[in-house]
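Throughout, numbering of the chain's residues begins at 1 and tracks the sequence.
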Amino acid sequence: MKIVGLMSGTSYDGVDVVAAEFDVEGDTLWLRPLGHRGLDYDERLRTEITALLPPAATSIEAVCRLDNRLGEVFAEAAAVGLELAGGRADAVVSPGQTVFHWVADGVALGTLQLGAVARVAARIGVPVLSDLRSADIAVGGQGAPLVPVFDALLLDGAAGPRAALNLGGIANLTVVAPGAPVLGYDVGPANALLDAAAQRFLGRPCDLDGERAAAGRVHPGLLAGLLAEPYYAAAPPKSTGKELFHAGYLDRHLAALGEPVPVDDLLATLTELTARVVAAECDQHAVVEVIAAGGGVRNPTLLGRLAALGAGRWRLRGADELGVPAQAKEAYAFALLGWLSWHGLPGSIPSVTGATRGAVLGSWTPAGPAYPGIPTNPPRRLRIRA
């Protein structure tokens with residue numbers, strides 16, 4: 001079975017596209033990567049998304065316009081995925097762009113992803129799976145993270161606890177250990193605050209290769225204030241996003257400090273924040289190895305700090321060493337979620353999300369006759385049985 005997987009994360013810088021072929025042998029699911037590509041959002045679209053995200057005010061009109069604009073972008077991405085699949089796929093997974101994740105007092109109450117999935121189905125001509133988080137939230141889960149089901153199948157924890165780390169806008173961690181339930185949760189910001197600072201003070205979407213952070217020095221007072229964030233002390237299951245870690249959050253901490261911080265020092269401090277928070281969680285679970293993926297692996301300054309903090313306790317490796325392209329791992333994970341949903345299998349893990357049970361994720365949007373159901377002739381009339 002061939003599935004195209006799409007993924008746009010909390011950094012909202014573009015869409016990762018993959019094509020994967022799945023085959024089953026006994027109790028083993030084989031995934032053959034068929035290729036991946038990244039499609040960048042243009043500056044106008046990024047601006048439109050930023051204007052819609054909390055704490056900004058918005059309107060239903062703006063939401064509708066952005067939903068359909070993103071639908072066209074995801075439709076184009078799906079078409080690229082079809083090319084990667086050799087011109088034919090059985091399904092597309094299009095989770096959309098998260099614009100709000102509603103969490104109150106540690107409980108996820110709702111979530112909203114935009115991306116006009118009907119436009120994707122119309123363009124690609126195969127069934128499309130979307131809205132993957134809502135089913136888990138409906139049974140008491142956080143709706144995130146969802147990638148741990150991929151990590152749990154891929155990682156072997158028999159030789160000791162191992163962790164999979166994704167460094168997107170938010171850093172999330174999956175821990176697989178012998179004789180223990182799979183754990184997975186959002187740790188805190190990875191690139192979210194770094195990118196907000198780069199945009200604000202450098203006029204750039206990011207600190208490319210962490211060069212400016214490498215030139216700066218960590219500001220102890222600012223770091224201490226940032227590390228005091230209550231979210232870090234909360235026990236999992238837990239999830240977060242740019243509803244918490246946004247530019248306004250950074251502004252409040254800088255204002256509370258009461259003194260100017262040079263830009264390079266600010267970026268160095270935010271890099272250290274991510275590294276410290278991630279390392280503390282890895283140490284807490286006594287992992288022996290950390291497999292990293294996501295956009296943050298392109299930041300050598302961040303990876304260097306992580307490796308240094310884990311030295312002597314755990315080894316840091318890239319997902320590429322396991323055959324999974326680090327920049328496309330989440331998209332491959334969502335392709336896997338599509339395979340599971342197609343076969344009526346749960347894609348969420350209760351020990352990860354806190355749900356009362358594993359949920360079959362997503363909603364299928366058909367594309368003409370291509371539909372994951374039992375073919376039948378269309379009815380010609382309806383009668384009511386007494």
Side-chain angles (χ1 to χ4, degrees), residues 9-14 40 43 46 50 53 165-173 186-233 240-242 244-283 290 292-314 316-318 326-327:
T10 50
S11 293
Y12 61 91
D13 52 1
D40 293 336
E43 189 58 37
R46 284 179 54 86
T50 301
L53 294 177
L165 170 66
N166 183 68
L167 294 168
I170 299 298
N172 40 61
L173 196 70
D186 290 342
V187 170
N191 301 317
L193 296 180
L194 279 165
D195 291 350
Q199 188 66 53
R200 174 73 58 82
F201 298 107
L202 301 178
R204 305 174 191 167
C206 67
D207 175 20
L208 188 62
D209 295 331
E211 288 183 355
R212 297 292 295 267
R217 295 185 297 178
V218 173
H219 189 292
L222 178 59
L223 179 62
L226 291 166
L227 285 171
E229 166 59 47
Y231 179 82
Y232 304 137
T240 190
K242 289 190 174 178
L244 175 59
F245 298 110
H246 51 69
Y249 176 93
L250 184 57
D251 288 342
R252 289 196 300 273
H253 279 276
L254 289 171
L257 192 63
E259 63 181 76
V261 179
V263 175
D264 290 356
D265 291 358
L266 173 60
L267 293 168
T269 303
L270 294 175
T271 300
E272 185 70 11
L273 170 70
T274 294
R276 291 269 192 102
V277 170
V278 168
E281 297 300 314
C282 292
D283 288 344
V290 177
V297 300
R298 292 178 293 191
N299 183 333
T301 305
L302 175 57
L303 285 189
R305 283 303 297 145
L306 279 171
L309 290 170
R313 297 187 304 283
W314 39 269
L316 184 66
R317 300 171 63 194
Q327 300 303 319

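- Sorted by first then second residue, the ring-ring contact (aromatic ring centres under 6.0 Å, His included) pairs that include residues 256-281, not counting sequence neighbours, number zero.
- Annotation: side chain to side chain donor-acceptor pair (under 3.5 Å) contacts of R298 (sequence neighbours excluded): Q327.
- Shortest non-hydrogen contact noted between A292 and A326 is O-CB, 4.2 Å.
- For G221 against L257, the heavy-atom pair with the smallest separation is C-CD1, 3.9 Å.
- Residues L309 and D283 are not in side-chain contact: their nearest non-hydrogen atoms beyond the backbone lie 4.5 Å or more apart.
- Sorted by first and then second residue, the pairs that involve residues 207-230 and meet salt bridge (Lys or Arg N to Asp or Glu O under 4.0 Å), not counting sequence neighbours, are R212-D264.
- For H219, the side chain to side chain donor-acceptor pair (under 3.5 Å) criterion is met by E259, not counting sequence neighbours.
- Here R46 pairs with nothing under the side chain to side chain donor-acceptor pair (under 3.5 Å) rule; sequence neighbours left out.
- Taking the side chain as every heavy atom from C-beta outward, L267 and V263 approach each other to under 4.5 Å.
- The two residues P189 and L273 make their nearest non-hydrogen contact at CG-CD2, 4.2 Å.
- Of all heavy-atom pairs between C282 and L173, the closest is SG-CD1, 4.1 Å.
- Listed by chain and residue number, nothing satisfies the side chain to side chain donor-acceptor pair (under 3.5 Å) test with R204 (two or more places apart in sequence, or in another chain).
- Applying the ring pair (Phe, Tyr, Trp, His ring centres under 6.0 Å) test to Y249 and every residue at least two apart in sequence or in another chain returns F245, H253.
- When all heavy atoms are compared, the tightest approach of G210 to T301 is O-OG1, 2.8 Å.
- With sequence neighbours excluded, the residues forming a side-chain contact (heavy atoms from CB on, under 4.5 Å) with D186 are P145, I170, N172, Y231, S239, T240, listed by chain and number.
- A268 and A213 make their closest contact through CB-O, 3.4 Å (heavy atoms, listed as atom of the first residue, atom of the second, distance).
- Note that CG of N191 is 7.0 Å distant from OG1 of T274, once rounded to the nearest 0.5 Å.
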Does L270 form a side-chain contact (heavy atoms from CB on, under 4.5 Å) with L226? I'd like the steps, not just the answer. CA-CA 9 Å; L270 294 175; L226 291 166; 3.8 Å; yes
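- Taking the side-chain contact (heavy atoms from CB on, under 4.5 Å) definition, one finds that A247 meets it with A196, R200, sequence neighbours left out.
- A 4.5 Å side-chain heavy-atom check between Y12 and T50 finds at least one atom pair inside the cut-off.
- At least one side-chain heavy atom of L266 sits under 4.5 Å from a side-chain heavy atom of L254.
- Considering only residues two or more places apart in sequence or on other chains, E272 meets the salt bridge (Lys or Arg N to Asp or Glu O under 4.0 Å) condition with R276, R305.
- Residues that satisfy the side-chain contact (heavy atoms from CB on, under 4.5 Å) test with D40, not counting sequence neighbours, are absent from this structure.
- Residues D195 and D13 are not in side-chain contact: their nearest non-hydrogen atoms beyond the backbone lie 4.5 Å or more apart.
- Counting heavy atoms from C-beta on, the side chains of L303 and L167 come closer than 4.5 Å.
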